[in-house]
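Below is one structure, written out as structure tokens; comments come after it.
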Amino acid sequence: MSLTQRERSVTALAGGVGGAKLAQGLADVVPPSSLSIVVNTADDFDLWGLRICPDLDTVMYTLAGLANPATGWGIAGDSSATLDAIARYGEAPWFQLGDQDFATHILRSEALRSGATLTEVTGKLSHNLGVASSILPMTDDIVSTMIRTPETVLAFQDYFVRRRQVDTVTGVTFAGIENASMSAVALAAIDSAGVIVFCPSNPLVSIGPILSLPGVRDRVRKAPGLRVGVSPIIGGKAIKGPADRMLESLGHESSAYGVAHLYADLLDVFVIDTRDEFDRARIEDLGMRVVVTDAVMGDRGDRARLAGEVLDAAGMAREAVS
Ligand code: FO1
């Protein structure tokens with residue numbers, strides 16, 4: 001990869017643990033002033049008067065080197081005295097919030113109540129944790145993912161955490177999206193990026209809300225940067241979470257191809273795992289280049305390696321079109 005390519009600014013679209021892992025890899029190979037991560041906020045919800053932003057916090061803790069390696073979310077070594085005390089009052093502690101994690105929610109909620117935007121609060125919190133790249137909430141408005149099942153409609157974390165993703169998903173909607181707008185800084189990050197990276201996040205409930213904000217899909221499609229996606233599905237299975245079952249129950253293929261198909265109008269390059277190489281031609285027929293590599297991210301070295309390959313792929317694609 002040429003130096004000029006690497007020096008170009010990179011904007012990643014991310015949500016969930018897979019997104020945070022690649023974001024950390026990118027942070028290891030891209031100068032912080034050149035890296036923005038636009039994060040899904042449609043998983044956010046209120047609990048005990050606090051605003052909880054799981055995807056923002058997962059990215060923030062991961063980039064700060066604080067994330068719990070066992071779960072990918074929460075803070076490593078965090079204790080649960082507060083949650084235990086809440087349970088003593090008879091409240092069911094269905095959502096695991098550690099004591100240190102509570103500090104984030106308390107300070108964020110207070111700042112939001114005082115009139116700060118989520119973008120401002122996230123900037124301050126991540127700066128204080130030593131994160132130099134820009135973590136940008138997709139919007140400062142409230143958008144909430146709703147999951148339709150054969151029986152009912154569930155708020156996202158009721159489906160995801162409280163009910164452990166046991167329900168068949170028959171529909172996904174984003175309440176509030178029509179009146180929401182992408183923040184000005186996130187829009188600018190998309191418009192100015194040399195490379196836009198679609199992290200290996202759930203395409204339906206992590207990247208889906210970002211692209212569903214009014215005008216954003218079109219904006220990404222017309223952005224001057226190269227668009228590179230990384231498949232969150234390997235060998236037909238989600239690396240983590242319910243993306244594979246969700247894809248199927250919503251009528252898509254649970255495969256790298258199925259994800260590429262959802263992004264067919266957007267991507268210049270799609271990065272897939274070696275196990276999916278057999279599908280290369282079918283994905284290329286969707287109109288994108290395919291790069292085959294080891295797409296599983298274990299340790300930090302793996303994340304940086306994959307991030308480097310994503311940027312290399314963008315360089316290759318640009319050379320191919322120029
Ligand atoms: N995920 C779980 O599966 N169970 C939890 O109890 C849980 C708590 C939690 C607390 C803070 C946080 O930032 C994330 C947390 N997550 C938990 C992860 C989160 O629900 C999901 O990773 C995302 O919303 C899906 O992208």
Side-chain angles (χ1 to χ4, degrees), residues 12-24 37-48 50-64 66-84 86-87 91-109 118 121-122 125-126 129 131 135 137-138 142-147 154-167 169 172 174 198-211 232-233 238-247 297:
L13 311 181
V17 172
K21 285 182 178 176
L22 187 60
Q24 186 182 42
I37 304 135
V38 177
V39 180
N40 171 42
T41 58
D43 293 9
D44 299 5
F45 69 116
D46 293 308
L47 186 62
W48 302 312
L50 300 174
R51 188 74 182 152
I52 317 284
C53 303
D55 284 2
L56 281 174
D57 291 347
T58 298
V59 171
M60 181 171 77
Y61 295 153
T62 303
L63 264 62
L66 293 173
N68 179 343
T71 55
W73 46 264
I75 293 179
D78 209 351
S79 50
S80 63
T82 310
L83 209 62
D84 294 346
I86 285 174
E91 284 281 326
W94 62 277
F95 199 80
Q96 299 304 309
L97 295 173
D99 295 325
Q100 294 178 52
D101 195 19
F102 263 109
T104 306
H105 312 310
I106 291 167
L107 291 177
R108 172 169 47 223
S109 305
L118 187 58
V121 183
T122 305
L125 291 172
S126 50
L129 291 184
V131 177
I135 301 178
M138 66 179 198
I142 303 245
V143 176
S144 309
T145 296
M146 305 303 294
I147 301 292
L154 299 167
F156 182 76
Q157 298 296 351
D158 281 343
Y159 157 77
F160 196 92
V161 174
R162 203 200 288 261
R163 294 183 54 78
R164 298 167 192 268
Q165 309 134 42
V166 293
D167 303 275
V169 178
V172 174
F174 308 119
F198 289 48
C199 287
S201 305
N202 186 317
L204 302 167
V205 294
S206 293
I207 305 295
I210 302 175
L211 296 176
I233 302 282
I239 298 167
K240 189 171 167 51
D244 44 9
R245 285 173 287 130
M246 255 187 197
L247 281 164
M297 289 177 285

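Remember, it's a predicted structure, so these values are computed and weren't measured experimentally. Counting starts at 1 for both ligands and their atoms, following the listed order.
- Looking from atom 21 (C) of ligand 1 to the surrounding protein, the closest heavy atom is F160 CE2, 3.6 Å.
- Residue G16 approaches ligand 1 through these ligand atoms, each under 4.0 Å from one of its heavy atoms: 26 (O).
- At the top of the distance list for atom 6 (O) of ligand 1, counting protein heavy atoms only, stands Q96 N, 2.9 Å.
- A 4.5 Å side-chain heavy-atom check between I86 and L97 finds every atom pair outside the cut-off.
- Proximity to D55 (heavy-atom distance under 4.0 Å) selects the following atoms of ligand 1: 23 (C), 24 (O), 25 (C), 26 (O).
- Between V205 and I147 the shortest heavy-atom distance is CG1-CD1, 4.3 Å.
- For the pair D101 and ligand 1, a heavy-atom separation below 4.0 Å is found.
- Near D43, with a cut-off below 4.0 Å to any heavy atom, the atoms of ligand 1 are 23 (C), 24 (O), 25 (C), 26 (O).
- Residues Y159 and V169 form a side-chain contact, since some pair of their non-hydrogen atoms from C-beta on lies under 4.5 Å apart.
- Residue D57 has no N or O atom closer than 3.5 Å to an N or O atom of ligand 1.
- Nearest to atom 3 (O) of ligand 1 among the protein's heavy atoms is V161 CG2, 3.8 Å.
- Only the side chain of Q157 comes within contact range of ligand 1, with a heavy atom under 4.0 Å; no backbone atom does.
- Nearest approach of Q100 to G77, heavy atoms of both residues: NE2-O, 4.5 Å.
- In this structure, the protein non-hydrogen atom closest to atom 16 (N) of ligand 1 is W73 CD2, 3.4 Å.
- Counting the atoms of ligand 1 from 1 in the order shown, those under 4.0 Å from a heavy atom of F156 are 24 (O).
- Of the N or O atoms in S206, none lie within a sub-3.5 Å distance of an N or O in ligand 1.
- Closest non-hydrogen pair, G72 versus T62, comes out as O-OG1, 4.2 Å.
- In terms of heavy-atom proximity, Q157 sits nearest to P54 at NE2-CG, 3.4 Å.
- Remark: F174 pairs with no residue by the ring pair (Phe, Tyr, Trp, His ring centres under 6.0 Å) rule, at least two apart or across chains.
- Heavy atoms only, all atoms of each residue included: N40 and S206 are closest at CB-O, 3.2 Å.
- Ring geometry for F45 versus F95: interplanar angle over 60°, hence perpendicular rather than tilted (30 to 60°).
- Contacts between L97 and ligand 1 below 4.0 angstrom, taking non-hydrogen atoms only, involve the side chain exclusively.
- For Y61, the heavy-atom gap to ligand 1 stays at 4.0 angstrom or more.
- P54 CB, 3.9 Å is the protein heavy atom nearest to atom 19 (C) of ligand 1.
- In terms of heavy atoms, D57 sits closest to T104 at OD1-CG2, 3.8 Å.
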